[in-house]
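Heads up, the thing below is written out as structure tokens.
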Amino acid sequence: MSDTPHFDSAQLNLALEQRAAGRDYHEYFIPGSIKLLLATASKTKLDKMAIGNPNMFRYRFGFTATTSVRSKVIDFQTKYDLLDNEIRWLKRAGHLRVTRQELIIDTSRLMPMYGWFQVTLVSLVCAAAILQLAGLETAIPWKRDLFQMGLGVIWFAIAAMLIKMFVNPWRTLKQAGVLNAMTKPL
């Protein structure tokens, strides 16, 4: 027989991620991807990680910022109960402007007006093209109809993108109550 002790178990200590589920059974969570971490971690834990880790912040919100601005974005999100996706779209639409030291919320009404103007312009152009195609007597009917439906689908896709980009972020600000607050740097 051998005098060296033999151990059948290994223990890992992963700080707060470890849970003693039973006598000889330890359970721990190590996410395999950032998406799994974002889907399973609590908001408070994600907030702490996003403030301290610029890569986590970029994965979560879609843009980079300094440490002071990251904490301001988290405070803004918490104050108005916004989702990560809403913060991402507010930044894309230009309602959130990030400088080196501050976060500026732009609540201008011009952005949704500009969006509706573009939707109207695209609608007029597509409607004129569809009506012009309807007047063609020499075209084969099924090809003409297929082309008209294609133009209709293209119009719908462009209009949906413009509304999502220009109108919905302003609606998000309005529903969250940001428009009633002061429009000053946080």
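The structure displayed is predicted, hence computed values, not measured ones.
Thr67 OG1 to Lys72 NZ: the interatomic distance, rounded to the nearest 0.5 Å, is 11.5 Å. Note that CZ of Phe63 and CZ of Arg58 are 12.5 Å apart. Values are rounded to the nearest 0.5 Å. Remark: Leu151 CG to Leu131 CG distance equals 11.0 Å, nearest 0.5 Å. We find the OH-CD distance between Tyr80 and Gln175 to be 15.0 Å, quoted to the nearest 0.5 Å. Taken from NZ in Lys91 to CG in Leu103, the straight-line distance is 9.5 Å, to the nearest 0.5 Å.
Looking at heavy atoms from C-beta onward, Leu90 lies in side-chain contact with Pro169 at the 4.5 angstrom threshold. Contact check for Leu146 versus Met149: side-chain heavy atoms found under the 4.5 Å cut-off. The shortest side-chain heavy-atom distance between Trp116 and Leu162 does not fall under the 4.5 Å cut-off. Annotation: side chain of Phe57 is not in contact with side chain of Ile51 (no heavy-atom distance under 4.5 Å). You'll find the side chain of Gln101 stays beyond 4.5 Å of the side chain of Val69, heavy atoms only.
Met161 is connected to Ile163 through a chain of hydrophobic side-chain contacts under 4.5 Å among Ile, Leu, Val, Met, Phe, Trp and Tyr, so both are in one cluster. Criterion: ILVMFWY side-chain heavy atoms under 4.5 Å apart, direct or through other members. Under it, Met113 and Met165 are not part of a common hydrophobic cluster. Taken together through direct or relayed side-chain contacts under 4.5 Å among Ile, Leu, Val, Met, Phe, Trp and Tyr, Met111 and Trp170 form parts of separate hydrophobic clusters.
Other residues, nucleotides and ligands contribute at most 12 non-hydrogen atoms within 6.0 Å of the OH atom of Tyr59.
Every residue meeting the side chain to side chain contact (heavy atoms under 4.5 Å, CB included) condition with Gln148, not counting sequence neighbours, appears here in chain and number order: Ile130, Leu133, Ala134, Arg144, Asp145. Applying the salt bridge (charged side-chain N to carboxylate O under 4.0 Å, His left out) criterion to Lys48, with sequence neighbours excluded, gives no partner residue. Partners of Arg70 by salt bridge (charged side-chain N to carboxylate O under 4.0 Å, His left out), not counting sequence neighbours: none found. Residues passing the side chain to side chain contact (heavy atoms under 4.5 Å, CB included) test with Ser33 are Lys35, Leu36, sequence neighbours excluded. Leu38 meets the side chain to side chain contact (heavy atoms under 4.5 Å, CB included) test with Ile34, Leu46, Met56, Arg60; sequence neighbours excluded. By the ring-ring contact (aromatic ring centres under 6.0 Å, His included) test, Tyr114 is found to be paired with Phe166, residues two or more places apart in sequence or in another chain being considered.
Under 3.5 Å, the side chains of Thr172 and Trp89 contain no donor-acceptor pair of N or O atoms.
Cys126 and Trp155 get closest at one heavy-atom pair: SG-CB, 3.6 Å. Across every non-hydrogen atom of Ala159 and Val119, the tightest pair is O-CG2, 4.1 Å. Scanning all heavy atoms of the two residues, the minimum distance from Asp106 to Leu173 falls at O-CD1, 3.9 Å. Considering every non-hydrogen atom in both Val167 and Pro112, the closest pair reads CG2-O, 4.0 Å. Across all their heavy atoms, Arg88 and Phe61 have their closest contact at CG-O, 3.2 Å. The nearest pair of heavy atoms linking Ile104 to Glu102 is CD1-OE2, 3.5 Å.
Using a distance-only test at 3.5 Å, with no hydrogens or angles considered, no donor-acceptor pair links the side chain of Thr78 to the main chain of Asp75.
A salt bridge is defined here as a Lys NZ or Arg NE, NH1 or NH2 lying under 4.0 Å from an Asp or Glu carboxylate O, and Lys43 with Asp47 meets this definition.
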Intermediate values then yes/no, side chain to side chain contact (heavy atoms under 4.5 Å, CB included), Leu83 and Glu86: CA-CA 5 Å; Leu83 303 174; Glu86 291 172 336; 3.9 Å; yes

